[in-house]
Amino acid sequence: MNKRVLVAGGAGYIGSHTVVELTKAGFEVVIVDNFSNSDPSSLDGIRKITGIEPIFVEADCCDKEAMRRVFERYDFDSVIHFAAFKAVGESVAEPMKYYRNNLLSFVTILELMKEYGRHNVVFSSSATVYGDAEVLPVTELTPRKPATSPYGATKQMSEDILRDMVFATEGLNGIALRYFNPIGAHPSALIGELPRGVPNNLVPYITQTAAGIRECLSIFGDDYPTPDGSCLRDYIDIVDLARAHVVAIERMVEGRNKERYEVFNVGTGRPVSVFELVKGFEAANELKLNYKVAARRAGDVTAVWADTTLANEELGWRAERELNDTLRAAWEWEKYVRGNK
Ligand code: UFG
């Protein structure tokens with residue numbers, strides 16, 4: 001059994017945690033990253049946690065010749081593709097940056113997989129493909145809604161590209177994992193999320209507010225039709241999410257996949273409001289957060305959370321970490337980052 005995996009974008013937030021979990025599960029990992037939205041320090045963190053020096057190649061996944069050299073040199077049979085930009089607002093302002101990077105990197109990797117006869121690929125998709133769903137929780141059969149941002153469009157298009165390539169390529173298997181809201185950090189606090197500039201996402205904004213870097217957290221809307229008026233999301237611990245990639249790869253490597261192209265929701269199945277998350281962070285870390293209610297943020301859906309039955313039953317995976325522990329890890333990581341700056 002080939003237990004080698006190429007992790008494209010392996011120095012990033014989800015990528016680095018996945019590298020750690022793959023290594024723990026006995027996989028040998030080749031990381032490719034160009035640090036366009038990540039930091040070399042994550043490789044130190046991976047080394048400290050696993051005790052193993054990860055194989056690392058600095059390259060842009062859109063650069064076919066550079067990627068060809070990676071395929072020539074290493075005989076991995078599986079690929080996990082994380083190498084993509086992820087800021088929704090930026091994608092609206094700079095659509096071509098997103099279409100070029102997110103699509104070209106994936107197309108390049110799939111072409112090389114076909115050419116070199118590599119068999120299994122996991123794609124990092126997103127709950128954004130469901131848009132403002134009419135029925136909650138969403139299952140994998142919930143219809144996708146037209147994308148509301150170029151970022152979301154690249155996730156939908158990439159799913160379709162993967163599906164089409166799998167059906168057109170003998171021996172190729174693909175799994176798209178639709179992540180809900182990944183949060184937290186490794187319990188060691190040696191790797192975590194490193195947002196550039198002002199964070200867009202809730203938890204990094206919370207931890208930076210707690211650290212005094214941001215003055216005040218704005219809660220975007222308290223007049224939604226939800227129990228406390230704030231939006232509902234499904235916050236999935238980053239280590240749980242990383243483990244889902246390991247079981248997805250194992251499923252394909254061991255030939256247990258039922259279809260050659262499969263899709264799974266990766267969430268907890270539990271809706272949590274913005275107020276609950278803020279209060280949970282305060283309680284878990286015994287601190288007070290400076291926050292205020294502000295206007296709704298354009299483009300936010302009221303509520304989305306996952307039906308995780310398929311992942312539970314088919315992948316044998318479920319979210320295990322308690323929200324409390326996740327929010328504690330997020331704060332430990334923020335303090336570690338500040339201490340090392
Ligand atoms: N929020 C605040 N204040 C902030 C930041 C966020 O109140 O400073 C709220 C948002 O309004 C939302 C919730 O916190 O209700 C979560 O917001 P995030 O930005 O953390 O996450 P989103 O649910 O907006 O984004 C996620 C993924 C994206 C994906 C998007 C589309 O991070 O990749 O869902 O649904 F595209």
Side-chain angles (χ1 to χ4, degrees), residues 9 12-14 37 82 84-92 95 98 102 123-133 136-138 142 144-159 176-184 193 195 197-211 213-238 241 265-268 270-281 289-306 323 326-327 330:
Y13 175 42
I14 308 175
N37 192 24
F82 293 110
F85 296 136
K86 60 173 185 179
V88 178
E90 183 188 59
S91 81
V92 175
Y98 277 70
N102 293 9
F123 171 64
S124 55
S125 191
S126 167
T128 194
V129 301
Y130 297 117
D132 213 345
L136 292 166
V138 292
T142 299
R144 295 186 325 189
K145 285 273 179 74
T148 53
S149 72
Y151 160 80
T154 69
K155 291 296 173 195
Q156 297 195 342
M157 288 177 196
S158 296
E159 284 191 353
L177 297 180
R178 291 178 178 160
Y179 314 151
F180 284 70
N181 289 55
I183 61 164
E193 190 170 7
V198 182
N200 292 308
N201 296 119
L202 180 59
V203 170
Y205 208 104
I206 287 177
T207 57
Q208 290 197 6
T209 305
I213 299 152
R214 310 283 155 210
E215 216 170 284
C216 183
L217 168 77
S218 293
I219 294 183
F220 297 140
D222 68 348
D223 56 352
Y224 284 97
T226 60
D228 67 17
S230 66
C231 293
L232 298 172
R233 294 288 183 276
D234 184 334
Y235 295 94
I236 174 78
D237 181 273
I238 189 69
L241 174 58
N265 285 343
V266 187
T268 64
R270 188 163 82 91
V272 171
S273 77
V274 178
F275 282 118
E276 282 176 298
L277 197 90
V278 167
K279 298 211 165 84
F281 182 85
L289 206 63
N290 196 16
Y291 66 86
K292 61 170 193 246
V293 173
R296 292 182 178 194
R297 182 172 69 176
D300 276 342
V301 300
T302 303
V304 61
W305 70 95
L323 185 57
T326 304
L327 294 173

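Indexing begins at 1, ligand by ligand and atom by atom, following the structure's order.
- Remark: minimum distance from atom 36 (F) of ligand 1 to any protein heavy atom is reached at Tyr151 CE2, 2.9 Å.
- Backbone and side-chain nitrogen or oxygen atoms of Phe220 are examined, and one is located within less than 3.5 angstrom of a nitrogen or oxygen of ligand 1.
- When hydrogens are left out, the protein atom nearest atom 24 (O) of ligand 1 is Arg297 NH2, 2.9 Å; that is the closest non-hydrogen contact.
- Between Ser218 and Lys292 there is a side-chain heavy-atom pair separated by less than 4.5 Å.
- When only interatomic distances are considered, the shortest N/O to N/O separation between Tyr205 and ligand 1 does not fall below 3.5 Å.
- Contact record, Trp305 with Phe180: C-CE2, 3.7 Å, taken as the closest heavy-atom pair.
- In the vicinity of Asp300, heavy-atom distances shorter than 4.0 Å reach the ligand 1 atoms 10 (C), 11 (O), 24 (O).
- Counting protein heavy atoms only, atom 9 (C) of ligand 1 is closest to Val274 CG2, 3.9 Å.
- Ranking protein heavy atoms by distance to atom 13 (C) of ligand 1, first place goes to Tyr235 OH, 3.6 Å.
- For atom 22 (P) of ligand 1, a protein heavy-atom neighbour is found at a distance under 4.0 Å.
- At the top of the distance list for atom 31 (C) of ligand 1, counting protein heavy atoms only, stands Thr128 OG1, 3.3 Å.
- Nearest-residue assignment for atom 3 (N) of ligand 1 (options Gly89, Ser91, Ser218; heavy-atom criterion): Ser218.
- Summarising the geometry of Ser124 relative to Lys155, their closest heavy-atom pair is O-NZ, 2.9 Å, with the distance given to 0.1 Å.
- Nearest protein neighbour of atom 15 (O) of ligand 1, counting heavy atoms only, is Cys231 CB, 3.0 Å.
- For the residue pair Glu90 / Tyr151, no side-chain donor-acceptor distance below 3.5 Å is found, with atom types taken as modelled.
- Counting heavy atoms closer than 4.0 Å to ligand 1, residue Asn201 contributes atoms from both its backbone and its side chain.
- A side-chain contact (heavy atoms from CB on, under 4.5 Å) with Ile183 is found for exactly one of Ile238, Ile236, Asp237, Leu327, namely Leu327.
- Ligand 1 has no nitrogen or oxygen under 3.5 angstrom from a nitrogen or oxygen of Lys86.
- Under a 4.0 Å criterion applied to the non-hydrogen atoms of Asn200, ligand 1 contributes the atoms 5 (C), 19 (O).
- Counting only non-hydrogen atoms, the option in Leu277, Asp132, Leu202, Asn181 that gets closest to atom 14 (O) of ligand 1 is Leu202.
- Annotation for Arg214: atom CZ counts as buried by contact number, over 12 foreign heavy atoms lying within 6.0 Å.
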